Structure formats: structure tokens, C-alpha cells
**Q** 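Structure in C-alpha cells, see below.
Bear in mind the structure is a predicted one, so any value in this text is a computation, not a measurement.
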Amino acid sequence: MATYSPWRIAAGLLGNLLSSICIVFLNKWIYVHYGFPNMSLTLVHFVVTWLGLYLCQRLGIFCPKSLSVSKVALLALSFCGFVVFTNLSLQNNTIGTYQLAKVMTTPVIILIQTMCYGKTFSLRIKLTLIPITLGVILNSYYDVKFNGLGILFAALGVLVTSVYQVWVGSKQHELQVNSMQLLYYQAPLSSAMLLCIVPIFEPVIGEGGIFGHWSPSAIAMVLLSGVIAFTVNLSIYWIIGNTSPVTYNMFGHFKFCITLLGGYLLFEDPLSLNQGLGILCTLFGILVYTHFKITEQEVTKSKLAQRP
């Protein structure tokens, strides 16, 4: 791991904070004020990410590794599903409900790894899932803008995202690649898949189509959204590679709170007392889960270090 000055680390964290928050607010703004189609916006993100990664590898930021299309096809398909359903959740829910629903990814991942991969988790880790889940349910139930379609998209987003994250971990280990090398092959394949799917669900030309008549400001916002989406992916990789997963996770809690606050201020989403309690309950569960997880990882590392 390269050693960087505290100022450079701080600049990287700030860049990730701004891009992560901006992508949520900007996408919501595009849906609310321009009505740009969801899958088409996702396709733009994938194409820009692909072009950005191509530029990165040309600049020597990472070295691509040759992979078989068949080995990443299912991963690319799940990548499409997770981004599309997550964006649909953002489009149809308040930012608070959208953000809290994403937290359910952790319990679902634990469930998948337990049932499908035989992985075991300590009792205290499992108990932290109770306040996380309870908080999400409280917030969703008392959300005055609650709608069934939005919750359906949020649930599908959580399920597909969880499957994707589990597969990414196993594929990186299986193919011996890092996240950028894997994404370099995923992005174009996912773009091609969406290119075939978009005409079935959304108009391509004419009113509301990706190649329809859009104002210059709408086009600028969509392209900016694509660039910021790429920046989010790149900054995540840089932070984990140059600090630690612990730093990234703790920083993630701060982004979680700022995004929730921004949603209520910018889009004037109503917040009831019960929703506030739900958010606090979920945040408490996340913090305790992170504390226990970090403690267990440190114990495992010290045991491995003591082995002859």
C-alpha cells in the first residue's frame, strides 16, 4: 500500500463524500425535474464508466487482465439488475426510505452466505441485524409518501445487490482480479445487455426516449451524472486501496447521515417522529455491527500472526 500525506487522504475522502452524495441528489433531481428514463440513465452510467476505466488503464492506473466473457456474464447481468432496481427505488421513494432500504443489504448478504455458502457468523453479529431491520421497517411504515411499487423496487434492489456483492467477492477470489479489473470487463458487457433490454421497456426515440428531444440542461445533467457515477467507483477503490476497509466503512456511516439530512432539506421529504426513531435504530445497529465486525477481524489477524 502506498503511503500518502494526511492531506491527500483527506482530499480523497472528501472527493468520495461529495461524489457519493451528489450522485443520489443529482439522479433524484433528474427523475423529478426532467423525467429521464431510468434504464437509459443507467446505460449512460455504464458507458461513461467503461470509457473512464479505459482511460485509466491507458494512463497505467491499473493493468487489465484477460477474462472469459462466460465467467463474468452472470455477474454483469446482476450488475445491471442491482443498478436499475436501486435507481428505480430512488425514483419511486423518498431519499430516506431509499437510503435505509439499502442498509438491508447487510442482513440479506449474511442470510445468503449462511444458507448458500455455509458461512457462520457469531451470535452478536446476528443480534445487530434486529435493530437494523426494525429501524428500516419503522421508517417505511410511517413514511407518508409510502407506495407499494417503491417498496417492491427497494426489495428487489436489496436482493439483487446482495447477490451481486457476494458474487463479486467470490469472482475476485476465483479469477484473482481486483475490483477495477473486474469492473473493466463488467461495464461494457452490462452496457451491451442494457442496450438490448432498454428498447423493450423504454422509448428510444421520440418523447421520453434516450435519443428524444431533451433540453441542453437535461443532457448536461445526465452526462454529469455519468461522470460522477464513475468518480464514485474510482474513489471507493482508491480509499480502500490507500487507507483501509475500516476507514471506508466508518466514513460510510457519515455519508449515510449526510444523505438522509440532505434528502429532507433539498426535496422537503416529510419526517415523522417514528421515522426519526427508525433512522436512529438503524444507525445504532450499523455502528454496533461495524464495531463487532472490526473486533472479530482484528482477533482473527492476531491469531494468524501468532502462528509459527
Side-chain angles (χ1 to χ4, degrees), residues 1-6 8-10 12-14 16-17 20-21 82 99-139 158-159 161-174 176 178-179 182 232-233 235-261 276-308:
M1 183 186 293
T3 302
Y4 291 103
S5 69
R8 192 163 180 180
I9 296 292
L13 290 170
L14 181 62
N16 178 260
L17 172 68
S20 298
I21 293 173
F82 120 65
Q99 194 72 6
L100 256 72
K102 286 170 61 180
V103 175
M104 287 301 295
T105 302
T106 299
V108 175
I109 286 176
I110 288 177
L111 185 64
I112 291 172
Q113 289 184 323
T114 302
M115 295 180 66
C116 302
Y117 293 87
K119 191 171 180 180
T120 57
F121 295 87
S122 65
L123 178 61
R124 62 181 186 175
I125 288 289
K126 292 176 182 176
L127 289 175
T128 62
L129 304 183
I130 296 174
I132 291 174
T133 306
L134 181 61
V136 172
I137 293 171
L138 267 176
N139 175 79
V158 167
L159 179 61
T161 300
S162 302
V163 171
Y164 171 75
Q165 289 189 13
V166 171
W167 282 356
V168 163
S170 62
K171 280 294 180 184
Q172 281 186 243
H173 179 73
E174 175 192 335
Q176 292 297 296
N178 61 37
S179 57
L182 196 56
V232 171
N233 288 324
S235 60
I236 287 172
Y237 173 80
W238 189 88
I239 289 170
I240 294 176
N242 294 287
T243 56
S244 70
V246 172
T247 301
Y248 178 72
N249 272 294
M250 296 308 293
F251 192 64
H253 303 330
F254 179 62
K255 290 190 293 184
F256 174 82
C257 296
I258 295 294
T259 305
L260 283 176
L261 181 62
L277 291 174
I279 291 169
L280 290 175
C281 188
T282 298
L283 188 58
F284 170 75
I286 293 171
L287 290 171
V288 175
Y289 169 84
T290 304
H291 171 71
F292 287 158
K293 196 69 177 173
I294 291 170
T295 303
E296 289 181 5
Q297 287 172 349
E298 290 300 320
V299 170
T300 302
K301 282 181 184 177
S302 63
K303 285 181 178 177
L304 289 174
Q306 290 172 3
R307 285 183 180 178

**Q** List for me each residue that meets side-chain hydrogen bond (donor to acceptor under 3.5 Å, both in side chains) alongside Tyr164, sequence neighbours excluded, and say none if there are none.
**A** Gln186

**Q** Before you tell me yes or no, could you show the steps for His291 and Leu287 under side chain to side chain contact (heavy atoms under 4.5 Å, CB included), namely the whole-Å CA-CA distance, both residues' side-chain angles and the distance that decides it to 0.1 Å?
**A** CA-CA 6 Å; His291 171 71; Leu287 290 171; over 6 Å; no

**Q** Quick test of your reading: applying side-chain hydrogen bond (donor to acceptor under 3.5 Å, both in side chains), list the pairs with at least one residue in residues 103-120, sequence neighbours left out, ordered by first then second residue.
**A** none

**Q** Which pair of heavy atoms, one from Val158 and one from Ala101, lies closest together, and at what distance?
**A** CG2-O, 3.0 Å

**Q** Who are the side-chain contact (heavy atoms from CB on, under 4.5 Å) partners of Phe292, not counting sequence neighbours?
**A** Arg124, Ile125, Thr128, Val288

**Q** Any idea which heavy atoms bring Gly285 and Pro131 closest together, and the distance?
**A** CA-CG, 3.8 Å

**Q** So, using side-chain contact (heavy atoms from CB on, under 4.5 Å) as the criterion, who are the partners of Lys126 when residues are at least two apart?
**A** Phe121

**Q** What is the distance from atom CG of Leu17 to atom CD1 of Ile21, rounded to the nearest 0.5 Å?
**A** 4.0 Å

**Q** Taking side-chain contact (heavy atoms from CB on, under 4.5 Å) as the definition, give me every residue that meets it alongside Val163, ordered by chain and number, with sequence neighbours left out.
**A** Ile112, Trp167

**Q** What pairs with Thr295 under side-chain hydrogen bond (donor to acceptor under 3.5 Å, both in side chains), at least two apart in sequence or on another chain?
**A** none

**Q** Test of understanding: with side-chain contact (heavy atoms from CB on, under 4.5 Å), list the residues that count as partners of Pro107, not counting sequence neighbours.
**A** Met104, Leu129, Ile132, Thr133

**Q** Looking at residues at least two apart in the chain, or sitting in another chain, which of them share a salt bridge (charged side-chain N to carboxylate O under 4.0 Å, His left out) with Lys171?
**A** Glu174

